[in-house]
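Because the structure is a prediction, the values reported are computed rather than measured. Every number for a ligand or one of its atoms is a count from 1 in the order of the listing.
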Amino acid sequence: MPMKMETILAQAGSRWDERTGAISMPVYQTATFRHPALGQSTGFDYSRTSNPTRLALEETMAKLDSGSKAFAFASGLAAIDAIIHLFNSGDRIAISEGLYGGTLRLFEKGYGNFGVKVACIDATDIRAVKKAFEEGAKAILVESPTNPLLRIADIVAISKTAHEYGALAIVDNTFFTPVLQRPIELGADIVVYSASKYLSGHNDVVAGIAVAKTQELAEKIGFFQNAIGAVLGPQDSWLILRGLKTLSLRITAQQKNARFVAEWLKSHPRVNKVYYPGLDDVEVRALLDSQSSGAGAVISFEVDDAALVPEILKNVNIFIFAESLGGVESLVTFPAVQTHSDICAGERDRLGINDRLLRLSIGVEHVDDLIGDLKSVLGRN
Ligand SMILES: *Cc1c(COP(=O)(O)O)cnc(C)c1O
């Protein structure tokens, strides 16, 4: 029987140190490693190439995501950067609307200069996905749920369509993590994470992970991880390993809170719209249930008046006004300014990322305090 997710998580890095039996993965704070003799290696030579603490994290992530190998980077964007290096000048890559703003910025302003072209498409529309491949896209990068409107894309259909055209399907799984969704098992070729979010879970480290399905892709990503060198340091690797141990517990608690908050918001007279896939229509929920085991803990909502936004951001007492998500502390973000100032041209309004939209990352506080805080800034309903 394959080991269950909770068991892999709880024991992340705990059986590595044969010499001392340390339960907590040691932090190998070393740049280089002594060679036993000429032509011999302990398996570790230099920490850009490989470091034991980072390797323990990478092996855990590969297992959690059913990949052949995983790679840890200094940030989520560094992981995405290594993946973009798989492509060549002139290649076109389709990306889903509502991608994290920094990813779009990297594609457009970073790789645009090198001739890599992006096509922004609505990845929740499989006809648009097909069209992008007909027009020659070599890969598609999607987030599901999308950010910040939490729309769900069909990962199975997207991966299948990509493969029909000999292209790669890449999924940014930051919002759901392997606890709720495992894109490689759904057909994707590469999974990428900002580990700064749920995988870390404590808003205390910036990190990224890329997981490759095949050995061939793993070799290429591993080459660029070493060649570019934006690797995750040993101390930060340890922090992510430490975070992983409680990932399933945290997400379960955060998601439970999120459902209550989303329902409360939905019934509030000053809230026009609530974006939370767990409350979506039957069709979206059926798709969600077919590929994920939950709806996550990020909620976006639109208030009825833009003038209310600065008041909310100033007066919240439990929610913290800060960008990011996924930690045990609940955060509130203003996407139009904070995370989505870079967006597919002219699309912010059409996509609903307007000056009345706020995004909540629900933490593990008591739900009564979270709702009480929202009551104090929105008024009772
Ligand atoms: C935060 C985030 C990123 C970028 O990751 P960093 O760790 O901040 O570099 C990429 N994708 C998504 C979905 C994110 O939320």
What protein heavy atom sits nearest [atom], and how far off is it?
atom                    : value
atom 4 (C) of ligand 1  : Tyr100 CE2, 3.4 Å
atom 14 (C) of ligand 1 : Lys197 NZ, 3.0 Å
atom 6 (P) of ligand 1  : Gly76 N, 3.4 Å
atom 11 (N) of ligand 1 : Asp172 OD2, 2.7 Å

Residue from Lys130, Lys131, Arg151, Arg127 passing salt bridge (charged side-chain N to carboxylate O under 4.0 Å, His left out) with Asp122: Arg151
So is there a nitrogen or oxygen of Leu77 less than 3.5 Å from a nitrogen or oxygen in ligand 1? yes
Taking only heavy atoms of Ser196 into account, list the atoms of ligand 1 that are under 4.0 Å away from them.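 Those of ligand 1 that fall under 4.0 Å from Ser196 are 6 (P), 7 (O).
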Minimum side-chain heavy-atom gap Phe321-Leu331 below 4.5 Å: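 Phe321 does not reach Leu331 side chain to side chain.
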Quick check on the 6.0 Å ring-centre criterion: do His85 and Tyr111 meet it?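 Yes, the ring of His85 comes within the 6.0 Å limit of the ring of Tyr111, centre to centre.
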Taking the six-membered ring for Trp and the single ring otherwise, decide whether the centroids of Tyr28 and Trp16 are under 6.0 Å apart.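 Ring centroids of Tyr28 and Trp16 are less than 6.0 Å from each other.
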For ligand 1, is Ala207 a contact, meaning one of its heavy atoms is under 4.0 Å away?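 Heavy atoms of Ala207 do come under 4.0 Å of ligand 1.
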If you measure only the distance, is there a donor-acceptor pair under 3.5 Å linking the side chains of Asp45 and Thr49?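 No donor-acceptor contact under 3.5 Å links the two side chains.
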